[in-house]
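Heads up, the thing below is written out as structure tokens.
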Amino acid sequence: MAAVRLKSLVFQGMKRTIGEERMIKLIEYTRGLYRYPKKMLGREFQDNIKQEADILVFAAHPDDEVLGLSSILYSHQKKRENAVVTYVTNGSGLIGESWRMPEAFSKDRAEERYREGLQGLSLLNIPEENVYCLGFPDAGTHRYLNEIAKDVLFLMEKYQPKKVYVHCMEGGHNDHDITSYVVKSVCKKLDFSNVYEWAEYNQLQPLGTEDIRFRNCKSTETEETLMKLSGAQYKLKKQMLACHKSQDVAKYYLMGEAIRKADLDDLEKELLAYSNFQEASIRPLITQFSKFINHLQINESTVHGKLYHSKNKMKKLMNGR
């Protein structure tokens, strides 16, 4: 009992000294769970990329891309377009964050979630080499904004996608909102505007809502598309969700799907307005991340990089007049 109490006192002392989130990140590093980029629990990441992608999907967890985007994935695959799906977290959360859990338990969970994702996407003939897991902690993405951005930038530069899909910010799950915020911030930095977002769930629309809508309507110029799934598509969606046995989500196969062109302006305000984060806790992270994005180095040899640097040179010339 004395040892437990001492451990609790140390925890509270560190929390007061460096802040709770920094303390948790330190624990994750010390335990060897998350030491970016070499040692990340559940990370499945290859850097030997030899082909471009037609679409690049960023989903916070395995199953999110099926719940909110199955019909879109289906349509792209019918056209035989190359689709790449990236899971930002390892999905290991079940009864608590991985830093609180035994490492073996979290490792098994992460491997299970990734296998389920592979199995579901295989029904659309999306091969394993096109499915990534960045390995960030489930429910802890807000501690790794800079690191996630580095991975997103790498994949954008390597795959040179024609279109990107990501969550919208809607306050349903913090990882969804952080994934949306970081991916859109990187795309904005690259001056890549062909970004689309999907709605999934929030306090007003629980998981499984059939007539789903976007909670966040910040732009009147952005048209929402409510996808009309055929009987065959609903059947496929149910089969894909059934692959995610650990999540018990097959019962939500009738859930509606809605997409729209993403607005990349005022992302910080959007996150503060629609996420469930307390402003006092998330604002310092946003401030730090904004500085990081401003100084993010863009590879000039890529297609997106050439466009970015060309526009920057033009801006400098215009400002010099």
Side-chain angles (χ1 to χ4, degrees), residues 19 21-22 25 34 36-37 40 43 45 47 56-60 84 86-89 132 134-137 140-161 163-170 174-197 216 218-219 261-275 277-316 318-319:
E21 296 302 333
R22 288 182 64 189
K25 192 171 183 179
Y34 303 104
Y36 180 85
M40 301 289 288
R43 188 171 176 89
F45 193 93
D47 53 15
L56 183 53
V57 177
F58 291 97
V84 175
T86 302
Y87 302 129
V88 174
T89 79
Y132 288 76
L134 304 185
F136 292 98
T141 49
H142 54 290
R143 294 190 289 274
Y144 295 87
L145 301 180
N146 297 359
E147 293 88 344
I148 296 171
K150 289 178 183 178
D151 282 349
V152 171
L153 177 61
F154 175 86
L155 292 171
M156 288 291 294
E157 290 184 333
K158 289 294 184 178
Y159 275 113
Q160 300 293 305
K163 188 177 288 188
V164 167
Y165 291 96
V166 71
H167 298 269
C168 71
M169 297 185 217
E170 57 184 342
N174 285 345
D175 287 338
H176 296 185
D177 296 335
I178 290 296
T179 296
S180 179
Y181 173 60
V182 174
V183 170
K184 291 179 199 170
S185 294
V186 172
C187 288
K188 183 177 181 179
K189 174 74 175 183
L190 287 169
D191 208 11
F192 179 85
S193 61
N194 207 21
V195 182
Y196 287 80
E197 57 188 4
N216 173 355
K218 68 176 189 176
S219 174
K261 186 81 176 287
D263 185 343
L264 303 185
D265 292 326
D266 298 323
L267 295 175
E268 292 82 4
K269 291 181 181 178
E270 187 178 356
L271 183 66
L272 290 170
Y274 291 98
S275 74
F277 290 106
Q278 295 295 319
E279 183 172 350
S281 65
I282 196 64
R283 185 172 284 282
L285 300 178
I286 291 175
T287 301
Q288 182 187 46
F289 179 66
S290 296
K291 293 177 181 178
F292 174 81
I293 283 290
N294 287 338
H295 293 93
L296 194 61
Q297 297 297 310
I298 307 300
N299 186 350
E300 195 168 357
S301 66
T302 66
V303 174
H304 298 322
K306 288 177 181 177
L307 182 62
Y308 166 80
H309 285 284
S310 176
K311 288 189 175 182
N312 261 8
K313 289 177 183 177
M314 184 61 68
K315 286 178 183 178
K316 288 179 182 179
M318 295 297 289
N319 291 335

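- Taking each heavy atom of G140 and Y144 in turn, the nearest pair found is O-CD1, 3.5 Å.
- The line from CG of D151 to CG of L134 is 4.5 Å long, rounded to the nearest 0.5 Å.
- We find the CZ-CG distance between F277 and L271 to be 6.5 Å, quoted to the nearest 0.5 Å.
- Minimum heavy-atom separation, V164 to P161: CG2-CG, 3.9 Å.
- Counting heavy atoms from C-beta on, the side chains of P37 and R43 come closer than 4.5 Å.
- In this structure a side-chain-to-backbone donor-acceptor pair under 3.5 Å is present from Q160 to E157.
- In this structure, T86 contributes its side chain and Y132 its backbone to no donor-acceptor pair below 3.5 Å.
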Would you please test L155 and V84 for side chain to side chain contact (heavy atoms under 4.5 Å, CB included) and show each step? CA-CA 10 Å; L155 292 171; V84 175; 5.8 Å; no

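- Although no hydrogens or angles enter the test, the distance criterion places no donor-acceptor pair under 3.5 Å between the side chain of N146 and the main chain of F289.
- Contact record, C168 with K184: CA-NZ, 4.3 Å, taken as the closest heavy-atom pair.
- Formation of a donor-acceptor pair under 3.5 Å by the H167 side chain with backbone atoms of A60 is found in this model.
- With hydrogens and angles disregarded, a donor-acceptor distance shorter than 3.5 Å links the side chain of T179 to the backbone of D175.
- The nearest pair of heavy atoms linking N216 to M169 is CB-O, 3.7 Å.
- In terms of heavy atoms, I293 sits closest to A149 at CD1-CB, 4.4 Å.
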Applying side chain to side chain contact (heavy atoms under 4.5 Å, CB included) to K150 and Y36, what does each step give before you reach the verdict? CA-CA 10 Å; K150 289 178 183 178; Y36 180 85; 3.4 Å; yes

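- L145 contributes atom CG, which lies 8.0 Å from atom CD of E147 (distance to the nearest 0.5 angstrom).
- Here the straight-line distance linking atom NZ of K269 with atom CD1 of I286 works out to 12.0 Å at 0.5 Å rounding.
- The heavy-atom pair separating C187 from M156 by the smallest distance is SG-CE, 4.0 Å.
- In this structure, the separation between NZ on K261 and CG on N194 is 5.5 Å, given to the nearest 0.5 Å.
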Let's go through K188 and D265 carefully: what are the C-alpha distance in whole Å and the side-chain angles of both, what is the deciding distance for side chain to side chain contact (heavy atoms under 4.5 Å, CB included) to 0.1 Å, and is it a yes or a no? CA-CA 8 Å; K188 183 177 181 179; D265 292 326; 3.9 Å; yes

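- Both the sub-6.0 Å distance and the 45° axial angle are not jointly satisfied by K25 relative to the ring of Y34.
- Note: F292 CZ to K189 NZ = 10.0 Å, rounded to the nearest 0.5 Å.
- Considering only heavy atoms from C-beta on, I298 comes within 4.5 Å of L153 through its side chain.
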